[in-house]
There are 2 protein chains.
Amino acid sequence: MSNLQKILSHAERQCHANGSRLTEKRKKVLSGLLQSDRALSAYELVDYCNKTYDETFAAMSVYRILEFLEQEQLVHKLNLANRYVACVHIACDHQHEVPQFLICTDCQRVKEFSISRSTLGSIKRQVEQARFQLVSEQIELNCLCGSCAAA
Amino acid sequence: MSNLQKILSHAERQCHANGSRLTEKRKKVLSGLLQSDRALSAYELVDYCNKTYDETFAAMSVYRILEFLEQEQLVHKLNLANRYVACVHIACDHQHEVPQFLICTDCQRVKEFSISRSTLGSIKRQVEQARFQLVSEQIELNCLCGSCAAA
DNA sequence: GTTGTTATGTTACAACATATCATTTCTAAA
DNA sequence: TTTAGAAATGATATGTTGTAACATAACAAC
């Protein structure tokens, strides 16, 4: 059983536990993200699926599927880049925290990481002082990855 | 002389000092942002200008003008919201730092602020550890403003 | 006044995203 | 095991955001 297969069936069990279904189409979209080393736009995924599988994936469907996968915490949407990545903790059993992302603006490679509790804490305090409320602790930063910075 | 007029002529002098020109159209787009209490999309500005002035503003022109105003640091582009705001320090003489933004996802009101040096410092260290480089210190956070949170 | 530069106009289209309603597939209860 | 309801997908249309490419106009400096 390939690593991809393992991840997919892990995801499937997890969906089942949540009372939802990881259908074939959803699996295929998720596979696309899992096999990519960078963030993909919805339309890139449409192209990928249409090429890889002999099936038609309408853009509309892919958006719906991405929304579902996001709810299931299998993928993350990067709002800064309008792109999607598979969650790096997809095969972990523990509940994971809200992630932060470093996004290479050149090649769309993404590093999912967690900033320290204390840093997050001080950001939250500063937001409170401004009398705003965080909608999400997801923070995205425009970066260059190591190889793009070197070039 | 109205406050708006003061800001505009201040901006004009500043552009002049930079060897660039704040043309009539640019002034009108900037006025639109200055008079709005929330972030506006390029197309909202197109509509605003076309209604307010008896002139045609093509979307293309507004995008170019916004790009110019951003270079001059008179406005900021919010990448998370695909919208623009006038810089709150537009009338200050001192050189200002890279700002951070709290964006209300409900009403698009924006709070421009600066997170503390120490918080920014620890974020930067954590980015370095991940072997990425920050492209910009501008950080944008999805929030609710006070009134939208209350509602 | 010509010339080079900057600004704007115009058209077309690429890329990203959602609304709406129809149809199919699945599931669970009768 | 049929069937009603829910969930998923299909299909079409349209809305929103942004850029490419080339033309013209305005201006400044020589």
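Note on naming: letters A, B, ... go to the chains in the order of the sequence lines (proteins, then strands), and numbering restarts at 1 for each one.
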Residues two or more places apart in sequence or in another chain: which of them pass side-chain contact (heavy atoms from CB on, under 4.5 Å) with A/S9?
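A/S9: side-chain contact (heavy atoms from CB on, under 4.5 Å) contacts with A/M1, A/R13.
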Fellow cluster residues of A/V135, listed by chain then number, with links counted only when side-chain atoms sit under 4.5 Å apart
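Cluster partners of A/V135: B/L144.
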Nucleotide range of DNA chain D lying under 4.0 Å from chain B heavy atoms:
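Range of nucleotides within reach of chain B: D/dT17 to D/dC27.
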For A/E137, is there an ion pair with A/K124 - N to carboxylate O distance below 4.0 angstrom?
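Looking at A/K124 and A/E137, the cut-off is met.
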For A/A42 and A/Y63, work out which heavy atoms get closest and say how close.
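Nearest pair, atom of A/A42 first, then A/Y63: CB-CZ, 3.4 Å.
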Which atom names give the shortest non-hydrogen contact between B/C87 and B/Q73, and what distance separates them?
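B/C87 and B/Q73 have their closest heavy atoms at CB-O, 3.8 Å.
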Inspect the surroundings of CD in B/E67 and state if more than 12 heavy atoms from other residues, nucleotides or ligands are less than 6.0 Å away.
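No, the 6.0 Å shell around CD holds no more than 12 heavy atoms from other groups.
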Decide whether a cation-pi geometry holds between A/K28 and A/F57; the criteria are a distance under 6.0 Å from NZ or CZ to the six-membered ring centre and an angle within 45° of the ring axis.
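That pair does not qualify as a cation-pi contact.
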Using the side chain to side chain donor-acceptor pair (under 3.5 Å) rule, take A/E72 and A/N18 through it: C-alpha gap first, then chi angles, then the decisive distance, then the call.
CA-CA 8 Å; A/E72 296 294 328; A/N18 294 341; 2.8 Å; yes
Proximity to DNA chain D (any heavy atom under 4.0 Å), residues of residues 20-56 of chain B only:
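Contacting residues: B/R21, B/S41, B/Y43.
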CA sep, side-chain torsions, deciding dist, call: B/Y53, B/K25, side-chain contact (heavy atoms from CB on, under 4.5 Å):
CA-CA 10 Å; B/Y53 311 103; B/K25 291 231 162 188; over 6 Å; no
What side-chain donor-acceptor pairs closer than 3.5 Å can you find for residues 79-86 of chain A, not counting sequence neighbours?
{"from": "A/N79", "atom 1": "ND2", "to": "A/E140", "atom 2": "OE2", "distance (Å)": "3.4"}
{"from": "A/R83", "atom 1": "NE", "to": "A/Q108", "atom 2": "OE1", "distance (Å)": "3.4"}
{"from": "A/R83", "atom 1": "NH1", "to": "A/A39", "atom 2": "O", "distance (Å)": "3.4"}
{"from": "A/R83", "atom 1": "NH1", "to": "A/E44", "atom 2": "OE1", "distance (Å)": "2.8"}
{"from": "A/R83", "atom 1": "NH1", "to": "A/E44", "atom 2": "OE2", "distance (Å)": "3.3"}

Between which nucleotides of DNA chain C, read 5' to 3', does contact with chain A run, using atoms under 4.0 Å from its heavy atoms?
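Both ends considered, the range comes out as C/dC16 to C/dT27.
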Relative to the 5' end of DNA chain D, which residue comes earlier, B/R64 or B/Y84, by the nucleotide with the nearest heavy atom?
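Of the two residues, B/Y84 wins.
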